2 protein chains.
Amino acid sequence: MAAAIELADRDGVDAISMRKLAQHLGVEAMSLYTHVRNKSDLLSGMTEAVISQIPISIDDADWKTSLRQMALAARSIILRHPWVPTTVEMQAAPGPAMLTYANAVIGILREGGFSVAQAHHALHILGSRVLGFTRDLFDDSGDLDPETAAGLARELGASHPYAVEMALAVTHGGALGRCDDDAEFEFALDFILDGLARLQSS
Amino acid sequence: MAAAIELADRDGVDAISMRKLAQHLGVEAMSLYTHVRNKSDLLSGMTEAVISQIPISIDDADWKTSLRQMALAARSIILRHPWVPTTVEMQAAPGPAMLTYANAVIGILREGGFSVAQAHHALHILGSRVLGFTRDLFDDSGDLDPETAAGLARELGASHPYAVEMALAVTHGGALGRCDDDAEFEFALDFILDGLARLQSS
DNA sequence: GCCTTACCCTTACACCGTAAGCCCTACTCC
DNA sequence: GGAGTAGGGCTTACGGTGTAAGGGTAAGGC
């Protein structure tokens, strides 16, 4: 299992095949089937192993700070295993580790004064983003050099002015500096947490 | 292309292979390569074809209602092609249709008075969820029958009380009725749009 | 000593994406 | 009308995949 995680970290999750993993372990492919039922069983095992590393905050702080630190912890772990979002999405039913994690999140909300219905909504909203299990749809943190940027701007500027404006602003050297993923994540997180606070108090 | 989309709608995107698609068209597998460079080229073509169906709202309504109706339109289309989120995530660079869509969203925000920086944040927040390109992390709309529900509750109740409480509430016959995906989506959408409005006015 | 259990191996099958190369049809241009 | 050409289709083949079936072998319990 650990070997599989290491291999996925290094070569990406697509590179994981029974034969490759077996070779990595100095073993034949079919031998893996004594420890694992399927390939999908293998993947879900890997996923669970990573998720179970996320620390469940148990100090009785504010629900908001608890949730915040949990989300950041989840993200920091997942950043070390970039393939996890992919495998999480492939799973049909949540495994024990995932369940424990979800239970902790719901628990923080309930103890923080949210009703079941509110917590349910909150879970859906936090859903993908805050729990950290999501890739950004638009990866705009790329650092394209000025000349290709200029070329793109000339090409697309007429048809997609707004997109180009933003892309240029985000590009290194643009008005906003380059897009900082961490800062962006925290911004979105606080955005949602503040919204939840308002939802609760209304 | 249309045939591929139809096949994916029916059998799921995993069922799409060059040979299957070719057979579906009464043709040999390799013939497809005259129309398509790769399999991933095929998939991105399918994705683009679907995304380009999303109507870009051009009436000059409120930014909020514009965004709202665009998101709902996107969702309604994607509900008819459940495999799209998967293929969108597989794409490295956004194609023209995706770019047009993003440009429209950014345009609505900018015209609505958002600064570039604000619009950038908003895009990240709207990101996966609102644009509709996301599967729910926890699919709790399943309708499990009472006895298995009771069994689960007994089994997990001790270790995951909060999760069980919510699951029971959401299950058919529970306090909340069954989880209505559409309502949940709209709730999250309005939640975010309201947050954006506040972000703008502050 | 024996038997169970746990691990590993070999072989084989059906399927996948796709590189290389050939063939035929249909259209264009003189 | 005849020639040239390009484009769609076909066949074959290669190296990869997940995994079903079945056989071997060493350690631990009686």
Side-chain angles (χ1 to χ4, degrees), chain A residues 1-51 81-98 135, chain B residues 1-51 81-98 135:
Chain A
M1 202 81 273
I5 291 179
E6 176 195 330
L7 203 159
D9 287 343
R10 189 155 49 86
D11 298 342
V13 71
D14 288 342
I16 286 211
S17 77
M18 297 312 249
R19 297 189 227 268
K20 294 255 189 69
L21 176 57
Q23 185 184 358
H24 187 70
L25 286 160
V27 150
E28 223 61 26
M30 290 308 289
S31 305
L32 301 178
Y33 283 85
T34 55
H35 307 275
V36 156
R37 244 176 323 129
N38 278 338
K39 179 172 183 181
S40 80
D41 194 40
L42 168 72
L43 291 177
S44 81
M46 294 164 57
T47 310
E48 287 280 297
V50 171
I51 291 181
H81 308 286
W83 44 271
V84 168
T86 315
T87 56
V88 166
E89 281 165 5
M90 284 173 16
Q91 243 113 97
M98 194 72 202
R135 283 184 299 290
Chain B
M1 203 80 273
I5 292 179
E6 176 194 330
L7 203 159
D9 287 344
R10 188 154 50 83
D11 298 343
V13 73
D14 288 342
I16 287 211
S17 77
M18 298 311 251
R19 297 190 227 268
K20 294 256 189 66
L21 176 57
Q23 184 184 0
H24 187 72
L25 287 160
V27 152
E28 223 62 25
M30 290 308 291
S31 305
L32 301 178
Y33 283 85
T34 55
H35 307 275
V36 155
R37 239 172 332 124
N38 278 338
K39 179 173 181 180
S40 78
D41 194 42
L42 168 72
L43 290 178
S44 81
M46 293 164 58
T47 310
E48 288 280 298
V50 170
I51 291 181
H81 310 285
W83 46 270
V84 168
T86 314
T87 56
V88 166
E89 282 165 4
M90 284 171 18
Q91 244 113 98
M98 193 74 204
R135 284 184 299 289

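Quantities reported herein were computed from a predicted structural model and do not represent experimental measurements. Naming convention: chains lettered A, B, ... in sequence-line order (proteins, then strands); numbering from 1 in each chain.
- B:W83 pairs in a side chain to side chain contact (heavy atoms under 4.5 Å, CB included) with only one of the listed residues (B:I16, B:V50, B:L43), which is B:V50.
- Nearest heavy-atom pair, B:E48 versus B:G95, reported as atom, atom and distance to 0.1 Å: OE2-CA, 3.3 Å.
- Sequence neighbours left out, the pairs with a member in residues 10-37 of chain B that pass salt bridge (charged side-chain N to carboxylate O under 4.0 Å, His left out) are B:R37-B:D41.
- Considering only residues two or more places apart in sequence or on other chains, B:N38 meets the side chain to side chain donor-acceptor pair (under 3.5 Å) condition with none of them.
- Taking the side chain to side chain donor-acceptor pair (under 3.5 Å) definition, one finds that A:S44 meets it with nothing, sequence neighbours left out.
- Side-chain nitrogen and oxygen atoms of A:H35 include at least one within less than 4.0 Å of the OP1 or OP2 phosphate oxygen of C:dC8.
- Proximity of A:M18 to A:L42: side-chain heavy atoms (C-beta onward) are separated by under 4.5 Å at one or more points.
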Protein proximity profile, nucleotides 14-21 of chain C - base contact B, sugar-phosphate-only contact S, no contact -, cut-off 4.0 Å on heavy atoms: --BBBBB-

Where protein sits on nucleotides 23-29 of chain D, one letter per nucleotide: B base, S sugar-phosphate only, - none, heavy atoms under 4.0 Å: -------

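- Going from atom CD of A:E28 over to atom P of D:dG18 covers 14 Å, rounded to whole Å.
- For C:dC9, one of the phosphate oxygens OP1 or OP2 lies less than 4.0 angstrom from a side-chain nitrogen or oxygen of A:S31.
- Closest approach of A:L7 and A:A15 over heavy atoms only: CD2-O, 4.3 Å.
- Going from atom NE2 of A:H35 over to atom CE of A:M1 covers 11.0 Å, rounded to the nearest 0.5 Å.
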